[in-house]
Each structure stands twice: as C-alpha cells, then as structure tokens.
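Note: hydrogens, waters and symmetry copies are ignored here, and every other heavy atom, side chains too, is used. For ligands, and for the atoms within them, numbers begin at 1 and follow the listed sequence.
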Amino acid sequence: MSLGIHPLIDNGVRQGSTDFSGGKLYCKCSWRSRVEVTLNSNVAHNHACGCSKCWKPQGALFSVVGVVPRDALSVTANEEKLKVIDKGAVIQRYACKECGVHMFGRIEGDHPFKGLDFVHVELSDETGWQGPQFAAFVSSIIEQGADPEKMHLIRGKLNKEGLEAYDCLSPGLMDMIATYTAKQAGTFRAKM
Ligand SMILES: N[C@@H](CCC(=O)N[C@@H](CSCO)C(=O)NCC(=O)O)C(=O)O
Ligand SMILES: [Zn+2]
Ligand SMILES: [Zn+2]
C-alpha cells in the first residue's frame with residue numbers, strides 16, 4: 001500500500017546542498033502565464049506539515065513547507081494572479097487564482113515567526129533545497145479524513161525516512177514560540 005505522504009518523501013528524502021542559495025518557484029499554470037517567485041536564500045526548518053491549511057499536491061497527505069527571510073522573497077512574474085486565500089489566518093497564504101497553488105505565506109501581525117515567509121520548494125525545478133527535516137501537525141491529518149487506526153503506519157513511514165513525527169512543531173520551533181511569549185510576558189530567563 002502506498003501511503004502517499006508527499007512526493008518529496010515517499011521514495012526517500014534527498015538532502016540539499018549547504019552552498020545552495022535559492023532559485024525560482026512556479027505555479028502550475030502554463031509557462032506563459034505562470035506566477036514566478038524568486039528566492040535569494042535556501043529554506044530553513046523545511047518540514048512535512050499535516051495541517052489543513054498548508055498547500056498539498058494532489059493525493060498527498062502532507063504538505064512540505066519551509067521558511068525564508070521575507071526580504072529574500074520577491075514575486076517576479078504575474079503577481080496580479082495572486083490572492084490571499086484566508087485573510088483571517090495567521091499566515092496569509094498567497095495562492096494563484098487560476099491553479100490554486102500557494103506561492104508563499106506571510107505573517108503580518110505580531111508573531112514569533114514574523115519576518116519569515118512560508119514556501120514549498122517542490123515548485124522549483126532546481127535541486128539543492130534543504131530536504132524535509134521533520135514532520136509537524138501529524139495528528140491533524142485525521143481532521144482531513146485520515147483513519148486514526150492507520151496513524152502508526154504513517155508515523156512509521158515518516159520515521160523510516162528519517163523524519164521525527166510531531167503533533168505540533170519541532171522542539172526548535174516550539175522553543176522559538178515560547179521564547180517570544182516569555183519576552184512578551186517579561187519572564188524570559190527569569191529562572192535557572
Ligand atoms: N489542526 C489544525 C492545525 C493548524 C495549524 O495550527 N497549523 C500551523 C502550522 S502551518 C506550517 O507549519 C500554523 O501555524 N497555522 C497558522 C496558519 O495556518 O495561519 C489544522 O489542521 O487546521
Ligand atoms: Zn497558477
Ligand atoms: Zn501547515
């Protein structure tokens with residue numbers, strides 16, 4: 001049985017190159033009218049995400065999404081085809097109105113990840129992008145119809161491909177969120 005986790009994971013995760021410094025992402029429209037996003041940076045914290053909001057390719061249970069500094073991202077063709085799919089979400093996801101692909105997600109309000117844009121490197125023809133490092137929001141796939149009884153198979157496959165399976169974010173990202181929250185609360189480094 002093929003679990004269809006994600007094309008970048010199903011047949012083995014490929015790690016990128018450390019000296020890779022970015023490339024272009026394209027939506028799925030024909031080349032004449034496709035939205036083009038240029039990244040002047042590799043991604044970081046690249047991960048499989050099981051949440052219901054991140055864009056997934058057809059048939060995949062997970063999205064693969066990483067971050068770049070906001071200043072490293074520019075829309076370089078057909079920007080007028082982009083629209084924010086949910087203005088109420090923390091991450092404002094800019095999708096192509098025609099093919100539906102999410103080209104990037106941006107946080108505008110106060111947030112620990114403000115300044116980072118969320119992108120899907122599978123939209124690039126280039127190799128060298130950081131490979132997926134872990135899986136986040138794994139249990140959330142149940143909300144989209146996955147069978148709870150099959151979750152051990154999903155987590156097993158993720159682990160087999162070297163990805164730790166978390167039901168929220170990775171410890172590194174959770175620490176970033178908690179550090180931000182502690183600074184806001186005035187409790188940062190108050191103990192130990
Ligand atoms: N069970 C929910 C979880 C949604 C969720 O909190 N998603 C995270 C991760 S997205 C990238 O890692 C998040 O930060 N969401 C903020 C946003 O999407 O605006 C579900 O599945 O919907
Ligand atoms: Zn498109
Ligand atoms: Zn997500």
Side-chain angles (χ1 to χ4, degrees), residues 5-6 8-9 24-38 43-58 60-70 73 75-125 130-148 151 154-155 158 163-181:
I5 285 182
H6 187 280
L8 293 180
I9 297 171
K24 290 178 190 298
L25 310 181
Y26 303 103
C27 77
K28 304 282 184 195
C29 290
S30 79
W31 67 271
R32 267 179 235 274
S33 65
R34 64 193 180 177
V35 181
E36 179 188 278
V37 166
T38 301
V43 289
H45 301 290
N46 203 19
H47 63 280
C49 186
C51 95
S52 63
K53 298 172 179 218
C54 289
W55 175 79
K56 305 175 175 77
Q58 188 96 42
L61 286 167
F62 287 79
S63 160
V64 167
V65 63
V67 295
V68 291
R70 176 182 175 139
L73 182 149
V75 183
T76 39
N78 295 303
E79 186 166 11
E80 68 287 351
K81 290 176 76 177
L82 290 177
K83 67 157 193 220
V84 176
I85 50 157
D86 177 1
K87 293 207 167 94
V90 173
I91 303 171
Q92 305 269 290
R93 294 177 174 85
Y94 288 78
C96 172
K97 284 186 242 183
E98 208 174 314
C99 67
V101 168
H102 296 186
M103 298 305 292
F104 66 101
R106 179 162 285 175
I107 299 176
E108 301 291 357
D110 282 343
H111 190 278
F113 301 154
K114 188 173 181 186
L116 298 175
D117 283 347
F118 291 72
V119 291
H120 307 284
V121 296
E122 72 214 68
L123 301 175
S124 168
D125 300 327
Q130 181 190 53
Q133 307 289 300
F134 61 90
F137 292 92
V138 173
S139 54
S140 293
I141 66 171
I142 297 170
E143 297 170 35
Q144 297 144 73
D147 180 354
M151 293 306 287
I154 306 278
R155 289 190 174 91
L158 289 166
L163 306 178
E164 198 74 57
Y166 301 110
D167 296 310
C168 199
L169 290 167
S170 64
L173 290 174
M174 293 309 291
D175 286 355
M176 269 171 74
I177 294 173
T179 299
Y180 176 88
T181 307

- Note on the structure: For SG in Cys49 and SG in Cys51, the angle at the Zn ion (ligand 3) (nearest 10°) is 110°

- Task: Side-chain contact test, heavy atoms from C-beta onward, threshold under 4.5 Å: evaluate it for Leu173 versus Phe113 and give yes or no.
- Result: yes

- Under 3.5 Å donor-acceptor, Glu36 side chain and Cys27 backbone: no

Would you tabulate the polar-atom pairs, meaning N/O of ligand 1 against N/O of the protein, with distances under 3.5 Å, reported to 0.1 Å?
{"residue": "ligand 1", "atom": "1 (N)", "partner": "Ser140", "partner atom": "OG", "Å": "2.9"}
{"residue": "ligand 1", "atom": "1 (N)", "partner": "Glu143", "partner atom": "OE1", "Å": "3.2"}
{"residue": "ligand 1", "atom": "1 (N)", "partner": "Glu143", "partner atom": "OE2", "Å": "2.9"}
{"residue": "ligand 1", "atom": "12 (O)", "partner": "His47", "partner atom": "NE2", "Å": "3.0"}
{"residue": "ligand 1", "atom": "18 (O)", "partner": "Arg93", "partner atom": "NH1", "Å": "2.9"}
{"residue": "ligand 1", "atom": "18 (O)", "partner": "Arg93", "partner atom": "NH2", "Å": "2.8"}
{"residue": "ligand 1", "atom": "19 (O)", "partner": "Val90", "partner atom": "N", "Å": "3.1"}
{"residue": "ligand 1", "atom": "19 (O)", "partner": "Ile91", "partner atom": "N", "Å": "2.8"}
{"residue": "ligand 1", "atom": "21 (O)", "partner": "Ser52", "partner atom": "N", "Å": "2.9"}
{"residue": "ligand 1", "atom": "21 (O)", "partner": "Ser52", "partner atom": "OG", "Å": "3.4"}
{"residue": "ligand 1", "atom": "22 (O)", "partner": "Ser52", "partner atom": "OG", "Å": "2.6"}

- Item | Heavy-atom side-chain proximity of Lys81 to Arg34 below 4.5 angstrom | no

- Query: Heavy-atom distance under 4.5 Å between the side chains of Leu123 and Tyr26, does that happen here?
  - Reply: no

- Task: Using a cut-off of 2.8 Å, find all protein N, O or S atoms closer to the Zn ion (ligand 2) than that distance.
- Result: Cys27 SG, Cys29 SG, Cys96 SG, Cys99 SG

- Task: May I ask you to decide whether Arg70 forms a salt bridge with Glu108, counting only side-chain N to carboxylate O separations under 4.0 Å?
- Result: yes

- Query: Atom CG of Asp86 and atom CD of Gln92: how far apart are they, to the nearest 0.5 Å?
  - Reply: 7.5 Å

- Distance col, row Tyr180:OH vs His111:NE2, nearest 0.5 angstrom, shows 8.0 Å

- Query: Between Asp117 and Arg106, is there a salt bridge with N-O shorter than 4.0 Å?
  - Reply: yes

- Kindly state whether the ring of Phe62 and the ring of His6 have centres lying under 6.0 angstrom apart. no

- Note on the structure: Closest non-hydrogen atoms of Trp55 and His120, given as atom of the first, atom of the second and distance, are O-CE1, 3.6 Å

